[in-house]
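Order of the sequence lines fixes the chain letters, A, B, ..., with proteins taken first and strands second; residue numbering starts at 1 for each chain.
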Number of protein chains: 2
Amino acid sequence: MSDKSTRAHIVEAADQLFYQQGFEHTSFAHIAEVVKISRGNFYYHFKTKDEILDAVIYLRLSKTQIMLDKWLIEGGTPVERIRCFINILILNREKIKHFGCPVGTLTSELAKLKHAAQKDATKLFSLFRFWLKSQFQLLGHMKNADELAMHLLARSQGVATMACAFNDEKFIKQEVTQLYEWLDHYVDSAT
Amino acid sequence: MSDKSTRAHIVEAADQLFYQQGFEHTSFAHIAEVVKISRGNFYYHFKTKDEILDAVIYLRLSKTQIMLDKWLIEGGTPVERIRCFINILILNREKIKHFGCPVGTLTSELAKLKHAAQKDATKLFSLFRFWLKSQFQLLGHMKNADELAMHLLARSQGVATMACAFNDEKFIKQEVTQLYEWLDHYVDSAT
DNA sequence: AGCACTTTAGGACAAACGTCCTATTTTGTC
DNA sequence: GACAAAATAGGACGTTTGTCCTAAAGTGCT
């Protein structure tokens, strides 16, 4: 009836492989090996590799949006919500240690390839950016909400990059503690 | 007499291309095109692509060491020296906007490729790390000098990643200003 | 000028890549 | 059970990749 299952498997496998090996280094053959379908069968689901990339980005965008929506409920206050964001570093520290941040590394790779999909990959950042911005606005930081959002995003990216370079999970925890303190400081100055 | 000239040209061209296009995406053919030598001639200077990568990393290590040594003289005080480091973001903002940080992006790429040279690439970070650490120690921060050095490195990496993602030079200047203020804070607390 | 050594050009080579075609199998519907 | 559509398998294709070989050109020394 439907190819949803196979197609979804392909996209999810590609998602993981693009993260762990990079987009360009991941081949059709490698994805096929994971999904356990023949290489030739790809053409039925995706005409080009770029189409898979688009699907992967779309998948990540969807998953991210769902996560952000969930945080709006789970985190009672804006501060608690922003803490949810910071906490990704802790939750994913094992993978980050090995492969960095999935968003940051993909964006960087596509930038170097001058790939058309880089714009879409950046939308992943934008999703976090505007979500964080609105949370900082709720904290009373109307003028510099975007600045704070970008700052927090940058801090997270830096932590991921360094933790990956030095294979250092402890550094992640160290910096997360500082980020919590930084956040608390911006709460006090708002009230 | 010597192949220094040609060899140096190859390494320098590879250095630029690895930065702007990534290591894996850069082919022998592309380097040859830039250096204007035949593809086959590579084998005389470098047996494998990995040897070129090693040479590029060694070149970057050398250049970095020279730069750090220079800063020790130019920057009179430890604070002025650390400012030299922060100022790279401003000096290289145009390239960072397009390709990110050469150290961070290379390290990330090699990590995903599980490439043996990743360890050497990380040495580039170590060079900065220990140099910054000693400067913070001179500022009186004996216990957390390394922590501060890593923090500053991470901040810089984050700025580069986000500036590249959003093609935003203004964000670099914004964050550099904050980094200067952050640094000043750590000067005051030392005296 | 002659000779040994260095450097280069050009191409061969197998392997891997993304892409694409076609025959076959599976699936849902009547 | 018959039949159209969806899904898959297997392989062909032209390129490009890193690697490697060999003949030729350049270079320095006697």
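- At least one side-chain nitrogen or oxygen of His45(A) sits closer than 4.0 Å to the OP1 or OP2 atom of dT8(D).
- Between Asp168(B) and Arg93(B) there is no salt bridge, since no side-chain N of the basic residue sits under 4.0 Å from a carboxylate O of the acidic one.
- Here the P atom of nucleotide dG11(D) and the CG atom of Asn41(A) are 15 Å apart, to the nearest Å.
- Within the helix from dA1(C)-dT30(D) to dC30(C)-dG1(D), the inter-axis angle between the opening and closing five-pair segments is 10°, rounded to 10°.
- Counted by atom type alone, His115(B) and Asp50(B) present one or more donor-acceptor pairs between their side chains at under 3.5 Å.
- Donor-acceptor pairing under 3.5 Å is recorded for the side chains of Glu175(B) and His151(A).
- When the side-chain nitrogen and oxygen atoms of His25(A) are compared with OP1 and OP2 of dC17(C), none of them lie within a distance under 4.0 Å.
- Between Lys47(A) and Ser27(A), the residue anchored nearer the 5' end of DNA chain C, judged by the nucleotide with its closest heavy atom, is Ser27(A).
- Between Phe42(A) atom CZ and dT8(D) atom C1' there is a gap of 12 Å when expressed in whole angstrom units.
- Atom-to-atom, NE2 of His115(A) to C1' of dG18(C) comes out at 12 Å; the value is rounded to the nearest Å.
- Taking only side-chain atoms of Tyr44(A), from C-beta outward, the nucleotide of dA7(D), dT19(D), dT8(C) with the closest atom is dA7(D).
- OP1 or OP2 of dC20(D) lies within a sub-4.0 Å distance of a side-chain N or O belonging to Tyr43(B).
- With no hydrogens or angles considered, no side-chain donor-acceptor pair links Gln65(A) and Lys70(A) at under 3.5 Å.
- You'll find that the side chain of Phe28(B) is closest to dG18(D), out of dG18(D), dT8(C), dA7(D).
- Side-chain polar atoms of Asn144(A) and Tyr186(A) form no donor-acceptor pair below 3.5 angstrom.
- Regarding Ile37(B), its CD1 atom lies at a distance of 16 Å from the P atom of dG26(D), rounded to whole Å.
- With dA9(D), dC21(C), dT19(D) as the choices, the nucleotide that has an atom nearest any side-chain atom of Lys49(B) turns out to be dT19(D).
- Between Phe85(A) and Phe128(A), the distance from one ring center to the other falls under 6.0 angstrom.
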